[in-house]
Enquirer: 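The structure that follows is given in the form of structure tokens.
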Amino acid sequence: MDVPFWLWLAVLGLILGMLAVDLVAHRRAHVIAVREAAAWSAVWVAVGVGFGAWIWWSYGAELGQQYYAGYLIEKSLAVDNVFVWAILFTFFAVPREYQHRVLFFGVLGALVLRGAFIAGGAALIETFSWVLYLFAAFLLVTGWRMLRQRDEHVDPSRSRTLRLFRRLVPMTDAYHGQRFLIRRGGVLLATPLLAVLVLVEVTDVVFAVDSIPAIFAVTDEPFLVFTANAFAILGLRAMYFLLADLVHRFVYLKTGLALVLMWVGVKMLLEIDVYHVPTTVSLAVIATILGVSVWASLRATRGQGRQAVEAPADPPFRVATGEEIASLQPLWRRRRDDTLPTART
């Protein structure tokens with residue numbers, strides 16, 4: 001696939017432009033309702049699908065199908081990421097009107113980190129072809145572990161990342177609006193919102209370790225790997241607000257994701273030495289597994305409405321009072337020299 005440098009720049013410009021639009025649209029802290037989340041989700045999906053149509057038209061059906069297979073894998077794995085965010089936000093009692101800000105910077109960091117992972121993965125495959133065996137084995141093991149642990153959930157109270165963060169970074173125990181940092185008594189302090197952002201970034205790194213090898217199993221084109229990742233990630237914020245209260249209904253989704261990982265691991269092993277699985281077949285298998293898992297989940301939980309994740313009785317963080325916020329010092333202060341130079345006589 002011959003991708004000119006200007007096309008890379010154009011795609012990066014499109015991504016940055018979309019992020020800027022999203023930031024301006026949500027510059028005021030507010031609770032994002034389901035209707036607004038659904039509208040934004042439709043926009044992001046339309047952009048991702050539309051870009052795939054452009055790839056298909058410009059570079060042919062084979063590369064177009066590879067993009068869609070990668071996009072579908074990333075989008076489905078992202079749903080599991082959304083459920084983890086719902087657990088984190090609920091456990092740490094993050095006010096709903098501040099959650100979008102955390103997710104915005106979380107997605108921005110995820111784009112940078114995944115770009116680095118993709119570049120590293122492509123370089124490894126180009127230099128050491130045997131790495132594909134490791135990727136395939138990793139996908140099979142990860143899929144099997146996910147299948148066995150499908151009923152287990154993350155426990156934020158045991159987070160080593162949070163303990164390390166609190167040990168290394170001076171921190172307050174209260175949310176101060178959308179601020180990640182505050183200054184109090186002349187001391188610069190992190191707020192719980194920054195701690196939650198760090199946890200969001202760490203969870204994305206964990207998910208990227210699964211998803212990057214998975215997408216390399218369906219395409220070895222770095223441009224397709226990056227764009228499928230980017231356009232799937234861009235819609236995560238809206239997807240979170242749309243699906244966060246429906247976690248309990250996707251009871252078989254993790255089983256479907258585990259089978260997808262195992263399938264792409266088998267596909268990668270076959271294509272190394274044995275048989276090239278057509279992209280059309282691979283895309284159909286992935287879509288069928290995910291479609292059946294979602295259908296079975298919704299059928300098994302039909303009649304159940306939206307239901308928020310159960311919150312702890314005693315959350316570790318609180319919301320600062322108006323007096324506490326009013327007493328904050330300016331975050332960045334210029335150092336002033338009060339000693340004026342004396343005039344020479």
Enquirer: Mind checking whether F223 and F51 have parallel, tilted or perpendicular rings, split at 30° and 60°?
Expert: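 Answer is tilted, since the angle falls between 30° and 60°.
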Enquirer: Taking side chain to side chain contact (heavy atoms under 4.5 Å, CB included) as the definition, give me every residue that meets it alongside P192, ordered by chain and number, with sequence neighbours left out.
Expert: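 P192: side chain to side chain contact (heavy atoms under 4.5 Å, CB included) contacts with M171, T172, Y175, F317.
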Enquirer: Fit a plane to each ring of F250 and F83, take the angle between them on a 0 to 90° scale, and name the class: parallel (under 30°), tilted (30 to 60°) or perpendicular (over 60°).
Expert: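 Geometry flag for F83 against F250: tilted rings.
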Enquirer: Using every non-hydrogen atom in the two residues, find where I215 and A228 come nearest and quote the distance to one decimal.
Expert: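 Answer, listing the atom of I215 first, then A228: CD1-CB, 3.7 Å.
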Enquirer: List the atom of D204, the atom of R114, and the distance in Å for their closest heavy-atom pair.
Expert: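 Nearest pair, atom of D204 first, then R114: OD1-NH2, 2.9 Å.
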Enquirer: Quiz question: by atom type and distance under 3.5 Å, do the side chains of E221 and Y67 form a donor-acceptor pair?
Expert: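 Side-chain D/A pair, E221 to Y67: absent.
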Enquirer: Report yes if some heavy atom in the side chain of F226 is under 4.5 Å from a heavy atom in the side chain of W8; otherwise report no.
Expert: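 With C-beta onward as the side chain, the pair touches.
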Enquirer: Relative to each other, are the rings of H100 and F241 parallel, tilted or perpendicular (30° and 60° limits)?
Expert: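 Ring orientation, 0 to 90° scale: parallel.
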Enquirer: For F135 and P213, which heavy atoms make the closest approach, and how far apart are they?
Expert: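 In this case the closest contact between F135 and P213 is CG-CB, 4.1 Å.
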Enquirer: Under 4.5 Å between any side-chain heavy atoms of F165 and V202, yes or no?
Expert: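 The answer is no; the side chains never approach within 4.5 Å.
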Enquirer: Would a distance-only check, ignoring hydrogens and angles, find a side-chain to backbone donor-acceptor pair under 3.5 Å from S293 to L290?
Expert: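 It does hold such a pair.
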Enquirer: Under the criterion side chain to side chain contact (heavy atoms under 4.5 Å, CB included), which of V107, V84, V102 is the partner of V200?
Expert: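 Only one of V107, V84, V102 forms a side chain to side chain contact (heavy atoms under 4.5 Å, CB included) with V200, namely V102.
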Enquirer: Run L224 and L63 through side-chain contact (heavy atoms from CB on, under 4.5 Å) and show every step you take.
Expert: CA-CA 8 Å; L224 298 183; L63 292 178; 3.9 Å; yes
Enquirer: Any non-hydrogen side-chain atom of Y133 less than 4.5 Å from a side-chain atom of M268?
Expert: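 Heavy-atom side-chain distance check fails, nothing below 4.5 Å.
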Enquirer: Going by distance alone, is a donor N or O of one side chain under 3.5 Å from an acceptor N or O of the other, for T219 and Q66?
Expert: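 The answer is yes; a qualifying pair exists.
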Enquirer: Which atoms form the tightest heavy-atom contact between A217 and L139, and what is the distance?
Expert: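 Between these two residues, the closest heavy atoms are CB-CD1, 4.4 Å.
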Enquirer: Go through V277 and V266 one step at a time and tell me if the side-chain contact (heavy atoms from CB on, under 4.5 Å) criterion holds.
Expert: CA-CA 10 Å; V277 179; V266 170; over 6 Å; no
Enquirer: Can you name the nearest heavy-atom pair linking I212 to E74, along with the distance?
Expert: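 Heavy atoms only, the tightest pair is N-OE2, 4.4 Å.
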Enquirer: Kindly indicate whether the side chain of V218, heavy atoms from C-beta on, has any atom under 4.5 Å from the side chain of I286.
Expert: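 In contact.
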Enquirer: Are the aromatic rings of F231 and Y71 close, with centres under 6.0 Å apart?
Expert: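 No; Y71 has its ring centre 6.0 Å or more from that of F231.
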Enquirer: Using atom types as modelled and distance alone, determine if a side-chain donor or acceptor of Q65 lies under 3.5 Å from a backbone N or O of T280.
Expert: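 The answer is yes, because a donor-acceptor pair under 3.5 Å joins these two groups.
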Enquirer: Considering non-hydrogen atoms only, spot the tightest contact between A136 and G265 and give its length.
Expert: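 In this case the closest contact between A136 and G265 is CB-O, 3.6 Å.
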Enquirer: Given the rule in the side-chain contact (heavy atoms from CB on, under 4.5 Å) test, do L234 and L111 qualify, once you have shown the distances and angles that lead to the verdict?
Expert: CA-CA 9 Å; L234 283 172; L111 287 171; 4.2 Å; yes
Enquirer: Any chance you could measure E201, atom CD, to L108, atom CG, to the nearest 0.5 Å?
Expert: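 So the CD of E201 and the CG of L108 are separated by 8.0 Å.
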Enquirer: If I take atom OG1 from residue T288 and atom CH2 from residue W263, how far apart are they, to the nearest 0.5 angstrom?
Expert: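 Between T288 OG1 and W263 CH2, I get 10.5 Å after rounding to 0.5 Å.
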Enquirer: Between M239 and K75, is a side-chain contact (heavy atoms from CB on, under 4.5 Å) present by the stated rule, with each step listed?
Expert: CA-CA 10 Å; M239 184 187 295; K75 203 69 173 176; 3.3 Å; yes
Enquirer: Using a 4.5 Å cut-off on heavy atoms from C-beta on, say whether the side chain of D220 contacts that of I125.
Expert: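 No, side chains not in contact.
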